[in-house]
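Note that the numbering runs from 1 along the sequence shown for the chain. All of these numbers come straight from a predicted model, not from anything done at the bench. What you see below is based on every heavy atom in this structure, not just the backbone, and it leaves out hydrogens, waters and symmetry mates.
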Amino acid sequence: RDQWDGINGAPKTVSVSADGPVGSYMKAFRKVAIGLSAGNEKAGVENNTILKAYYAYRIRLKKSVLSFGLSGGANLYSAGYSDLNLYQQNDPNFSYNIKNAVLPNFGAGAYWYSNKYYAGFSVPNLLEDYYDKKEVKINNKIARQIRGYYLSGGYVFRLNEIIEIEPQLLARYAVNSDYRLPFNCDINITAIALERFMAGLTYRTDKSIEFIVHVQATKKLNIGYAYD
């Protein structure tokens, strides 16, 4: 993902993941699934590499599936604050650099889905790691991660034999004993044609809009493009 193209230090994200069920492929439904992911995020002077492993246990209900998941991994975080052009040159909040801080973490979540709807809740980072415990304290505090909570849901409405409409919602909230980030929400509406071609519009409550198009090229390959 390449945001704000042409602006120096704009956010850039690269990620790759793989997942699948465990057990004999002859079974129509397999309860256990595992996965791996790796990614890198760059924004300004920050560089964050993320490695994670996933485990899910799925329960088959009458017309849907309920899945519980766990994740574990670590972030490799760096921040070159000395490269910033500060308005206040001696600002103590930016008087040090962070180099390859290892931030281990765990996550948990639940996901309920069928062919027509889905709903999920997750806490990807249960731990609130300190970025660098050796750093100089600012106002007797040390910079640390904030635990985030995510709630999502969607439903597919069939208009006719060709067109379907899927409204979706993703809500995010992050808070700890010291900070509370603004509540943020993505509201999406997607039109689906022939269960293969998709075009959508997302509004984020942080005052941004995103246009999305997808093509289900094959049963296992989806190609998409988004513009913020």
Has Asn85 got more than 12 heavy atoms of other residues, nucleotides or ligands less than 6.0 Å from its CG?
no
First locate atom OH of Tyr227, then atom CD of Glu210, and finally report the distance between them rounded to the nearest 0.5 Å.
11.5 Å
Determine whether Phe183 and Tyr203 fall in the same hydrophobic cluster, where Ile, Leu, Val, Met, Phe, Trp and Tyr are linked whenever their side-chain heavy atoms lie under 4.5 Å apart.
no
Under-4.0 Å salt bridge between Glu41 and Arg1
no
Quick check on Lys12: does its NZ atom have over 12 non-hydrogen neighbours (other residues, nucleotides or ligands) under 6.0 Å away?
yes
Does the separation of the ring centres of Phe157 and Tyr155 fall below 6.0 angstrom?
yes
Going by distance alone, is a donor N or O of one side chain under 3.5 Å from an acceptor N or O of the other, for Asp186 and Thr202?
no
Mark yes when over 12 heavy atoms from residues, nucleotides or ligands other than Phe106 sit less than 6.0 Å from its CZ; otherwise mark no.
no
Out of curiosity, does Tyr149 fall in the hydrophobic cluster containing Leu151 (side-chain heavy atoms, cut-off under 4.5 Å, transitive links)?
yes
Please identify which of these residues, Asn47, Thr13, Asn48, meets the side-chain hydrogen bond (donor to acceptor under 3.5 Å, both in side chains) condition with Asn40.
Asn47
Do any N or O atoms from the side chain of Arg196 and from the backbone of Gln216 form a donor-acceptor pair under 3.5 angstrom?
yes
Flag if over 12 foreign heavy atoms under 6.0 Å of CG, Asn115:
no
Can Asp19 and Ser17 be counted as having a side-chain donor-acceptor contact under 3.5 angstrom?
no
Check this for me: Tyr25, atom OH, are more than 12 non-hydrogen atoms of other residues, nucleotides or ligands nearer than 6.0 Å?
no
